[in-house]
Protein chains: 6
Amino acid sequence: MTKFVLTGAAGALGSVLRGPLSQMCDELLSTDIVDEISDLAPNERFVQADVSQRDQIGPLLEGADMVIHFASIADEAPFEELLGPNFIGAYNIWESAHEHGVRRIIYASSVHAVGMHNVNDGIDLDAPHRPDTYYGLAKCFTEDLARMHWEKRGIECVAIRIFSCSPEPGNARALGSWLSYGDLIQLVQRGIEAPTVGYTAIFGISGNTRGAVNNAKASYLGYVPQDNAEYMAAELLAKAGKLDPQDPQHMKLGGPFAIVPLGESGVAMIKRLSEGNA
Amino acid sequence: MTKFVLTGAAGALGSVLRGPLSQMCDELLSTDIVDEISDLAPNERFVQADVSQRDQIGPLLEGADMVIHFASIADEAPFEELLGPNFIGAYNIWESAHEHGVRRIIYASSVHAVGMHNVNDGIDLDAPHRPDTYYGLAKCFTEDLARMHWEKRGIECVAIRIFSCSPEPGNARALGSWLSYGDLIQLVQRGIEAPTVGYTAIFGISGNTRGAVNNAKASYLGYVPQDNAEYMAAELLAKAGKLDPQDPQHMKLGGPFAIVPLGESGVAMIKRLSEGNA
Amino acid sequence: MTKFVLTGAAGALGSVLRGPLSQMCDELLSTDIVDEISDLAPNERFVQADVSQRDQIGPLLEGADMVIHFASIADEAPFEELLGPNFIGAYNIWESAHEHGVRRIIYASSVHAVGMHNVNDGIDLDAPHRPDTYYGLAKCFTEDLARMHWEKRGIECVAIRIFSCSPEPGNARALGSWLSYGDLIQLVQRGIEAPTVGYTAIFGISGNTRGAVNNAKASYLGYVPQDNAEYMAAELLAKAGKLDPQDPQHMKLGGPFAIVPLGESGVAMIKRLSEGNA
Amino acid sequence: MTKFVLTGAAGALGSVLRGPLSQMCDELLSTDIVDEISDLAPNERFVQADVSQRDQIGPLLEGADMVIHFASIADEAPFEELLGPNFIGAYNIWESAHEHGVRRIIYASSVHAVGMHNVNDGIDLDAPHRPDTYYGLAKCFTEDLARMHWEKRGIECVAIRIFSCSPEPGNARALGSWLSYGDLIQLVQRGIEAPTVGYTAIFGISGNTRGAVNNAKASYLGYVPQDNAEYMAAELLAKAGKLDPQDPQHMKLGGPFAIVPLGESGVAMIKRLSEGNA
Amino acid sequence: MTKFVLTGAAGALGSVLRGPLSQMCDELLSTDIVDEISDLAPNERFVQADVSQRDQIGPLLEGADMVIHFASIADEAPFEELLGPNFIGAYNIWESAHEHGVRRIIYASSVHAVGMHNVNDGIDLDAPHRPDTYYGLAKCFTEDLARMHWEKRGIECVAIRIFSCSPEPGNARALGSWLSYGDLIQLVQRGIEAPTVGYTAIFGISGNTRGAVNNAKASYLGYVPQDNAEYMAAELLAKAGKLDPQDPQHMKLGGPFAIVPLGESGVAMIKRLSEGNA
Amino acid sequence: MTKFVLTGAAGALGSVLRGPLSQMCDELLSTDIVDEISDLAPNERFVQADVSQRDQIGPLLEGADMVIHFASIADEAPFEELLGPNFIGAYNIWESAHEHGVRRIIYASSVHAVGMHNVNDGIDLDAPHRPDTYYGLAKCFTEDLARMHWEKRGIECVAIRIFSCSPEPGNARALGSWLSYGDLIQLVQRGIEAPTVGYTAIFGISGNTRGAVNNAKASYLGYVPQDNAEYMAAELLAKAGKLDPQDPQHMKLGGPFAIVPLGESGVAMIKRLSEGNA
C-alpha cells in the first residue's frame with residue numbers, strides 16, 4: 001500500500017495537485033493549516049496541521065512513501081513571518097521524513113532561488129543560488145537542506161523551481177515564465193515515478209517559446225512540457241507596451257521580485273505594476 | 001508613433017526585411033548607399049546615405065525607436081575597403097543612436113566572427129571570437145562595441161550572427177549553415193519585440209538538422225526556426241561528392257572563409273570551389 | 001566505386017547493419033569470426049577473419065573507403081578474453097586503415113566508457129571517461145586510440161557510444177537508455193555521409209523522453225532519433241516496482257555494469273536482476 | 001571617527017580579534033551573550049547582547065562603519081539550538097546594518113558550507129554549497145543572505161570560510177585545514193581595508209603545504225598567509241597512523257563533520273576519533 | 001643577424017624598452033611619430049614614421065625578426081582620433097609583418113580590453129572581451145586581429161595586457177594594478193625568447209599582493225614578476241580614504257575607465273578624481 | 001610492518017627511487033625483468049619478475065601495503081612491444097593488488113597521456129586525455145583502469161604524469177618540462193604518506209619558471225617542488241637557436257612525441273633532433 005503526504009493541500013497549487021496525487025497512490029493524506037478542505041477524493045484524508053510545528057506535522061509522515069511538500073507562504077513577506085512555515089517547516093518535513101523512513105520528498109522550490117540571474121544569461125541547473133527575496137532565500141535554504149539530507153542520510157528529493165504557475169499566462173513576463181497546471185502535475189508525477197533521483201533540481205516552466213532557462217541536466221526525469229504561453233503573446237506584448245530596458249525587473253529571472261523591497265509583498269507589487277503598465 | 005531605421009535597405013537581406021519591418025512600425029526609414037529603391041511601402045521612406053559618413057547617417061536616427069543595422073560590405077574584402085562601411089559605419093550608428101536616444105539596435109553580425117571554431121566543437125554563445133577574415137573581424141569589432149555601449153550607456157543590441165542566408169540552401173555546407181529568409185525575418189522580429197535584451201548575441205541559422213551550434217543561452221528571445229535545409233540533403237551531398245577531411249574549410253564553421261586569403265573575396269572563392277567539386 | 005568493411009557482421013548489431021550498409025556502398029565486405037553468415041546482399045561478400053589477428057583482418061581493408069567496426073565481445077568478461085577482440089582488434093583496425101589509406105572508421109563505442117557518471121549529472125560529450133567495467137575500459141582505450149589517429153595521422157572516426165540497443169526497450173532503465181535498431185542505422189549513416197568528422201563521439205540513444213545525456217556538441221552530424229522508449233513506460237515501471245535509491249545501479253549511467261564485479265558477465269547479472277525485480 | 005562592532009567577542013576567535021580590531025578603528029564595540037569580558041582595550045566598549053534578539057543587537061549598530069560578525073554556536077548542534085544565534089542572528093545583523101546604514105560586514109563563514117566536496121576535487125570559490133551539517137547549512141544560509149543584501153541593497157560582505165582555526169594544527173587533517181590566529185587576523189583586516197568588496201567569499205586557511213582549496217578568485221583582497229601547518233607534519237602523520245581510505249571523513253573537506261550525525265556535536269566526535277586513532 | 005623593430009619608441013613605455021631591447025638583438029630600429037629621439041644605443045637606429053601610414057611603417061619591417069608594437073594613443077580619446085594610430089596602425093603592422101615574413105609581434109594590449117569585469121570575478125585569460133572605452137575596444141580589435149593572423153598565416157603574437165605601468169604605484173587602485181618598468185621589460189623579453197608562442201595573451205601586472213587576475217594559463221612564458229606595489233599600501237590606502245562601494249570604478253578592473261564617458265580622456269578623469277579623494 | 005613493492009626497480013627512475021623508498025617502509029621488495037640489481041639496501045630484497053606475467057608478478061604483492069609501479073618500456077615503441085609491459089603489466093598489478101588487499105598504487109604515468117594539448121592552453125588536471133603516441137595511450141589506459149578500480153573496488157592510486165625526468169634539464173623544452181630526481185622522490189613520498197587519495201592524477205614537473213601546466217587541483221597532496229630548470233635557461237635557449245613556430249613539437253606538451261611517427265622511438269627522434277638544432 002502506497003501512502004503519500006501532501007502539505008499545503010489547501011493552497012492554490014496544492015488544490016491542483018490533490019486530485020492527480022490521489023490517483024497515484026493508495027492513500028493520500030492531505031494537510032494544511034486551514035480548518036478543512038472540501039471535495040476529498042475517496043482515498044484522501046485531511047488532517048489540519050501547522051507545518052511549522054513538528055509535533056503536528058511529524059506524526060502524519062508515519063508510514064508514508066513520499067511527501068509532496070508545498071506548504072509555505074507563497075509570496076515575499078517579512079522574514080519573521082516566513083521563518084515558521086518556509087524555513088522551520090522545511091526542517092520539520094525532512095527530520096520527520098528521516099524519523100519515519102520516508103524515501104523521497106517532492107519540493108516546491110522557486111525561480112526566486114536564482115532570481116537575480118539575467119534572462120540572457122541562459123542559465124542551466126548548475127547556476128549558483130542568487131535569491132531575490134527572503135522568500136527566495138527560504139528556497140535556497142531548503143534546497144541546500146535537501147541536498148545535505150541526500151548526501152548524509154540518503155533521503156531523495158526533487159526540487160521543482162516553480163516559475164509563474166497559474167491557469168493562464170498573466171503578463172508579458174509570463175510568456176517566458178509560465179507553468180501551466182498540467183505541466184506542474186506532470187513534473188510532480190515525474191519526480192514520483194522515477195526509479196531513483198538522489199537530489200535533483202529542475203526548473204518548473206512550461207514549454208514556453210520564450211523560456212530563459214535550460215533543463216537539459218535533469219532530462220533523465222522525462223519532463224516533457226505540454227503547454228506553451230505563446231498563444232497569449234500578441235495580447236500580452238501589446239498590453240505591456242514599451243518597457244524600460246534599464247529596469248532590472250525586465251532583465252532578471254525573478255521579475256518584479258528582483259526589485260521588490262525585502263520583506264514586502266511582491267504580489268502586491270506585481271498587481272500595482274500590472275495596473276500601471278508593466 | 002514608432003519609427004524604425006533600416007540600413008543596408010537595398011542589399012540582399014535588407015530587401016527581404018523592408019516589407020516585414022514596415023508592418024512592425026508606424027514609420028520605416030530605409031537607407032542605403034544606392035540612389036534609390038523601388039516598391040516603397042506606404043509608410044516607408046528612402047533616404048540615400050553612406051553609413052560611413054556620420055553627417056549623412058546620423059540625422060536619420062532622430063526620433064527613431066530602433067535601428068536595424070544591415071549596411072556593410074557583405075564579403076571578405078581588403079581591410080581598406082571594409083574600414084568605412086563595416087567598421088566606421090558601425091561606430092557611426094552607435095554614436096548617433098546615443099546622440100538621438102535610440103533604445104536598441106538589431107545588428108547583422110556573422111558566423112565569421114567565430115569562423116575558426118570547428119563544427120564538432122559544438123560551440124554555444126559563450127565561445128570566444130575567432131574571426132576567419134577581415135570581414136569577420138569587423139563583426140567582432142561591432143559586437144564588442146555593442147556590448148560596451150550597453151554596459152556604459154544602456155543602448156541595447158541583439159547581434160544576429162548570420163550564417164548562410166539565401167532563398168535555398170546552395171551547397172553541402174549549407175545543410176548545416178542555411179538561414180532562410182523567413183527565419184531571418186523572425187529573428188529580427190524577436191529582437192525587436194522582446195521587452196528587454198541588454199546585449200545578446202544569437203546564431204542566425206534555420207532549424208537545420210545538421211546545424212553545428214547551440215542557441216540555448218538566448219532562448220528567452222523565443223526564436224523558433226521554421227525552416228530546415230534538410231530537404232536538400234540528398235541532392236547537395238551527392239553534388240559535393242567526397243571531400244578532403246584535412247581541408248579546414250570542411251571542419252571550420254566559417255567554411256571557405258576559413259581558407260580564403262585575407263583581403264580576398266570569399267564569394268569568388270566559394271563560386272570557384274563550387275564549380276570545382278566542393 | 002565505394003567499398004565498406006563491416007566487422008562483427010554476424011553479431012546482434014552487425015546483423016542489423018548489413019542490409020542498410022549494403023545500400024550505402026557499391027561493395028560491402030562483411031567479416032566476423034564465425035564461419036559463415038546467410039542472406040548476403042547482392043553486393044555483399046563475407047570473409048571469415050579474427051579481428052585480433054592483424055594478418056587476417058588487415059588485408060580486408062585494402063581499397064576500402066570506410067570501416068564500420070563493430071567486432072568485439074559485447075559484454076563484460078575477464079580482461080584476458082577481451083584483450084584480443086576488444087583491444088588488439090581495435091589496434092589492428094586502425095593500423096590497417098592507416099596502411100591502406102582508409103579515410104574514416106565508424107566505431108561501436110559504449111555508454112560503459114562513461115558508465116560511472118550519475119544520471120542526474122546530465123553529462124554531455126565533454127564528460128571525462130569513467131569506465132564501469134573492463135568492457136567499458138576497452139571502449140575508452142579505443143576512443144583515445146581513435147582521437148590519436150586523427151590528430152597524428154588524419155584518420156577520421158565517429159565513436160557511437162551505444163546504450164541499450166535492442167528491438168524493444170526491455171526494462172525500466174531502458175526507458176532512458178534504449179537505442180532502437182532504426183536509430184542505430186541512422187547514426188551509422190550520419191557518420192558515413194557527413195563530409196568531414198575529424199574525431200567525434202556521440203551518444204547512441206533513441207529520442208527517449210527519459211534520456212539522461214546531451215548530444216548537442218555533435219549536432220552537426222544531423223542525428224535526429226525517430227524512436228522513443230516511452231511507449232513502454234507504464235508497463236516497465238510497473239514491472240520494476242520500488243527500487244533501492246541507494247543502489248548505484250539505478251543512479252549510474254552504466255546501470256548494472258556499475259555494480260557488476262570486474263571481469264564477470266554483466267549480461268548474466270542483468271538477467272538475474274531482471275528475473276528478480278530490478 | 002570609525003566605529004566597528006564585533007559580535008561573538010567572547011568566543012575563541014572573537015577573543016583573538018578584539019585587540020587587533022581595536023587598533024583598526026577609533027571605537028570598538030564588542031558584544032557577546034556572556035556577562036562581561038576582561039582586558040578591554042582603551043577604545044573598546046563591551047555591551048552584553050543576544051544576537052538572536054533584534055532589539056538587543058540592533059541598536060548597537062547605530063553609527064557603525066563595519067560589523068565583524070562572529071557570533072554563533074561554533075559546532076554542529078540540533079537545528080533548534082542553532083536557529084537563534086546562527087540563523088536569526090545573521091538576519092538580525094544584516095537588517096540592522098541596513099537600518100543603520102552600515103556599509104560592510106565581515107562574516108565568519110565556514111568550510112562546512114562546502115564540506116561534502118572531496119579534497120581531491122581541488123575546488124575553488126565557484127564551487128556550489130554542499131553543507132555537511134546544520135552548522136554548515138547556517139553558513140550557506142548566511143552567505144546567500146549576504147549576497148542578496150549586496151545585490152538588492154548594496155551592503156558589502158566578505159565571507160571568510162574558516163577551516164580549522166586554532167593556536168596549533170591539532171591533527172593530520174589540520175595539515176591541510178589549519179588557519180592560524182595570525183592569518184585569521186590578516187583575513188579580517190584585508191576584508192576591512194579593501195576599498196570595495198561587493199560580495200566576496202574567501203577560504204580561511206593558512207598557507208598550508210597540503211591545503212586543498214584555491215583562493216585565486218579572491219586574490220584582489222591581498223590575503224597572503226604567513227603560516228603553514230607543515231612544521232607539524234611528521235608528528236601528526238605519525239600520530240594518525242593508517243587511515244581507512246573508504247572513510248568519507250578523510251576524503252571530504254568537512255572532515256569528521258562529513259560523517260557526524262546531523263544535529264550531534266562534531267567537536268565531541270573529533271575528540272572521540274582523536275582519542276582513538278584518527 | 002637579428003633585427004627588431006620597436007614602434008612607439010618615444011612614448012613613456014617605448015622609452016623604457018629601448019635600452020633593454022637594444023641588448024636583445026643585433027639591430028634595433030626604433031620608430032615613432034616624433035621627429036627624433038635622443039640617446040640612441042650603438043646598434044639602434046631611429047626612423048620617424050606614422051604607424052597609421054602603411055607606406056611609412058611598412059618598409060621598416062623589411063628583414064625584421066620581431067616587431068615590438070607599442071605605438072598608439074595611450075588614453076581614451078574620440079574614436080576618430082584613435083582610428084589611425086590604434087586601429088589602422090595595428091592593421092598596418094600585421095600586414096607589413098606578413099609582407100616581410102616577420103615571425104612574431106609583441107603587442108602592447110591593455111587591461112581596458114577586459115575592463116568591465118569586476119575585481120572579485122577573479123578572471124583568468126579565458127575571460128571574454130569587455131572593453132570599457134574606445135581605447136579598450138582598439139585593444140580587443142588588435143587581439144582578435146592577432147589571433148586571426150596566427151590562425152590564418154602563422155604570425156605569432158604575445159599580447160601583453162598592460163595594467164598601470166609607471167615608475168611607482170600612484171593610487172589605491174594601483175596596489176592591484178601596478179606594472180613596474182622592470183616587470184614590463186621582463187614580459188617583453190619572455191615574449192621574445194620563448195621558442196614558440198602561437199597567439200598568447202598575458203596580463204601585464206607586477207606580482208602585486210592585491211592583484212585581481214590570474215596568469216596561470218600563460219605560465220609557459222615563464223613570467224615571474226619581481227616587483228610588488230604593496231610597499232606603498234599604507235600610504236595609498238590612507239590617501240584614498242573611504243570610497244563609495246556602489247561606484248563601479250572601484251569594482252571594475254578598468255578603474256576610472258569604467259566610468260569615463262566614451263571618447264573623453266580617462267587620464268584627465270583620473271587626475272581629477274585623484275585631486276578629489278579617490 | 002610496512003611492505004612496499006617497487007616495479008621497474010632497475011630502470012632509470014626505479015634506481016633513483018630504491019634508496020628513498022627503502023627508508024619509507026620496513027621491507028622493500030624491488031622487482032624488474034633484469035637478472036639482478038646491485039647495492040641492495042639492508043631492508044631491500046630483489047626478485048626478478050616480468051610484470052607482463054601475472055604468475056610472476058602477482059605473488060610478490062602478497063602482504064604489501066603499497067605498490068610503486070614504474071615498470072614499463074619508457075619510450076614510444078610498436079604497440080606489440082608495449083602490450084605486455086605497459087598494458088598487460090598494469091592490469092596484472094591492479095588485479096594482483098585486489099587479490100592481495102593492497103591499498104594503494106603509485107603509478108608512473110606520463111605527460112604523453114595529454115601530449116597533444118598546446119603549451120599555451122595552460123591545462124590543468126581536468127584536461128581530457130589526448131595521447132601523442134602508443135606509449136601515451138598506455139598511460140591513458142592505465143589511468144582509466146586506476147580510476148575504475150578506485151570507483152569499483154576502492155583501490156587508491158596517485159598517477160604521476162612524469163614530464164622530462166633526468167639529472168639535468170637537457171634541452172630548451174626541458175626548461176618547461178624538467179622533473180628533477182629530488183622532486184620525483186618527493187612526489188612519490190607525498191603520494192605514499194597522504195592519509196587518503198582516492199584516485200588522483202598530478203603533473204610530475206619541477207617548479208620550472210616556464211612550466212606550462214597547473215597542479216592546483218591536487219594541491220592537497222602537498223607537493224612543493226624544490227627544483228627549477230631555469231638555471232640552464234641561457235645556455236639551452238642559445239643552443240636551441242631559432243625554432244619553427246609552425247612545428248607542432250614546439251607548441252605541444254608532448255614535444256617531439258607529438259610528431260614522432262606512431263610506433264617509432266621518440267628517444268631516437270629527440271637525439272636526432274638535438275644533434276640537429278632543435
Side-chain angles (χ1 to χ4, degrees), chain D residues 1-4 23-26 64-66 97 101-106 122-127 143 146-147 149-159 186-187 189-203 207 213-226, chain E residues 111 117-127 163 169 171-178 203 205-217 219 228-253 255-256 258-259 273 277-278:
Chain D
M1 216 199 67
T2 313
K3 173 184 170 183
F4 289 177
Q23 296 182 358
M24 296 182 218
C25 61
D26 297 312
D65 296 274
M66 300 218 183
V102 176
R103 163 199 184 157
R104 187 183 298 176
I105 297 167
I106 309 299
I123 66 166
D124 69 12
L125 292 162
D126 285 347
E143 289 192 1
R147 184 170 183 164
H149 276 258
W150 163 247
E151 297 198 326
K152 293 285 297 263
R153 289 172 162 174
I155 299 176
E156 296 191 301
C157 174
V158 174
Q186 187 197 156
L187 276 163
Q189 180 164 2
R190 292 305 199 196
I192 288 170
E193 78 189 12
T196 51
V197 301
Y199 170 74
T200 299
I202 186 167
F203 295 118
V213 293
N214 186 337
N215 263 334
K217 282 185 181 135
S219 63
Y220 83 100
L221 281 177
Y223 170 55
V224 182
Q226 301 299 307
Chain E
V111 61
H117 290 280
N118 290 316
V119 292
N120 66 347
D121 292 337
I123 65 167
D124 68 12
L125 292 162
D126 285 347
F163 279 57
N171 54 33
R173 177 174 167 259
L175 294 176
S177 66
W178 186 49
F203 295 119
I205 49 166
S206 282
N208 303 321
T209 296
R210 297 167 204 253
V213 293
N214 186 337
N215 262 333
K217 283 185 179 134
S219 64
N228 184 337
E230 197 65 12
Y231 73 96
M232 293 289 289
E235 182 180 330
L236 293 172
L237 288 172
K239 196 170 141 199
K242 293 188 190 175
L243 305 176
D244 175 4
Q246 304 282 40
D247 183 345
Q249 72 172 305
H250 305 309
M251 285 301 284
K252 298 288 180 189
L253 282 180
I259 58 168
L273 291 168
N277 195 20

Asks: For the CG atom of D:Asn214 and the CG atom of E:Asn214, what is their distance to the nearest 0.5 Å?
Replies: 7.5 Å
Asks: Has D:Ser219 got a side-chain atom pairing as donor or acceptor with E:Gly211's backbone, closer than 3.5 angstrom?
Replies: yes
Asks: Please look at D:Asp65 and chain E and tell me whether the side chain, the backbone, both or neither of the residue comes under 4.5 angstrom of a heavy atom of that chain.
Replies: side chain
Asks: For E:Asn118, is it the side chain, the backbone, both or neither that has a heavy atom under 4.5 Å from a heavy atom of chain D?
Replies: neither
Asks: Could you measure the distance from the CG atom of D:Asp126 to the CG atom of E:Asp121? Nearest 0.5 Å is fine.
Replies: 9.0 Å
Asks: Is it the side chain or the backbone of E:Asn120 that comes within 4.5 Å of chain D heavy atoms, both, or neither?
Replies: both
Asks: Of the options E:Met251, E:Gln249, E:Lys252, which is the one that meets D:Thr196 in a side-chain contact (heavy atoms from CB on, under 4.5 Å)?
Replies: E:Met251
